[in-house]
Amino acid sequence: KAHAWDLGHAGSIAHVMDMTLLLYRYFCDAVVVHEQAEMMQRFCDEKGFPDQLAKSAIFRGWATAVMGSPGEGLKELEQGLAQQRRIGTQEDFPIYFEMLAEVCQAEGRIEQVAQGTTSGGLGGLLEGIEAGVFAALPLVVVADRLPERRIAQREPRAVDGPGPFV
């Protein structure tokens, strides 16, 4: 991670940011995901990386929803997904749809996700994407029966420099 920063290579730094978001998403640490997604958004906006810019919106939307604003988070997540679809980068869509399903479940809209009909017009977004991306839905549907696993209640902390990216 630090090597990318030492090199100053923007593409490598963006990749580190992307992988860091995935890692902290898997830890279910919404606070760090939100902080890092905002850093990634600023960096990728400055460098002109539309793919990672869309990813930052997806992750920030998930984190916003998990931290207590599911409607606002869902809107941002859907916008990021739509932007990713327009760009044509779909390698992480199974992860994104699991995140979408989790947020929609919080909104009581899990059936809409399974049908591809959320408020952001995902019906068109799903065209050409394999149905297998919904393999995670059964896990999300029973997630409310699992012990609490999020760290969303923690207060955001000040991040000096690149934070967890280093």
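Counting from 1, the numbers follow the sequence of the chain as shown.
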Determine the minimum heavy-atom distance between [X] and [Y], stating which atoms define it.
X	Y	answer
Ala10	Phe43	O-CE2, 3.6 Å
Ala57	Glu76	O-CG, 3.4 Å
Leu81	Phe97	CD1-CE2, 4.4 Å
Ile58	Gly80	CG1-C, 3.6 Å
Ala37	Leu21	N-CD2, 3.5 Å
Arg25	Val33	N-CG2, 3.5 Å

Rounded to the nearest 0.5 Å, what separation is found between the [atom1] atom of [X] and the [atom2] atom of [Y]?
X	Y	atom1	atom2	result
Ile13	Met39	CD1	CE	10.0 Å
Arg60	Glu35	CZ	CD	13.0 Å
Phe49	His15	CZ	NE2	12.5 Å
Phe93	Glu98	CZ	CD	14.5 Å
Lys55	Ile95	NZ	CD1	8.5 Å

In terms of hydrophobic clusters joined by side-chain contacts under 4.5 Å, are Leu53 and Tyr96 together?
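Per the 4.5 Å side-chain linkage, Leu53 and Tyr96 are not co-clustered.
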Report whether Met40 and Phe27 are members of the same hydrophobic cluster (ILVMFWY, side-chain heavy atoms less than 4.5 Å apart, transitive linking).
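Yes; tracing contacts between hydrophobic side chains, which count when under 4.5 Å, links both residues.
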Can you check whether [X] reaches [Y] side chain to side chain, under 4.5 Å on heavy atoms?
X	Y	result
Gln83	Gln79	no
Gln52	Met17	no
Gln84	Ile87	yes
Leu22	Phe59	yes

Quick one: list whatever passes salt bridge (charged side-chain N to carboxylate O under 4.0 Å, His left out) with Asp45, sequence neighbours left out.
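So Asp45 forms no salt bridge (charged side-chain N to carboxylate O under 4.0 Å, His left out) with any residue.
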Which residues share a side chain to side chain donor-acceptor pair (under 3.5 Å) with Thr64, sequence neighbours left out:
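Thr64: side chain to side chain donor-acceptor pair (under 3.5 Å) contacts with His34.
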Looking at Val32, is its backbone amide N or carbonyl O close enough to the side chain of Asp29 to form a donor-acceptor pair, meaning the two atoms are under 3.5 Å apart?
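Yes.
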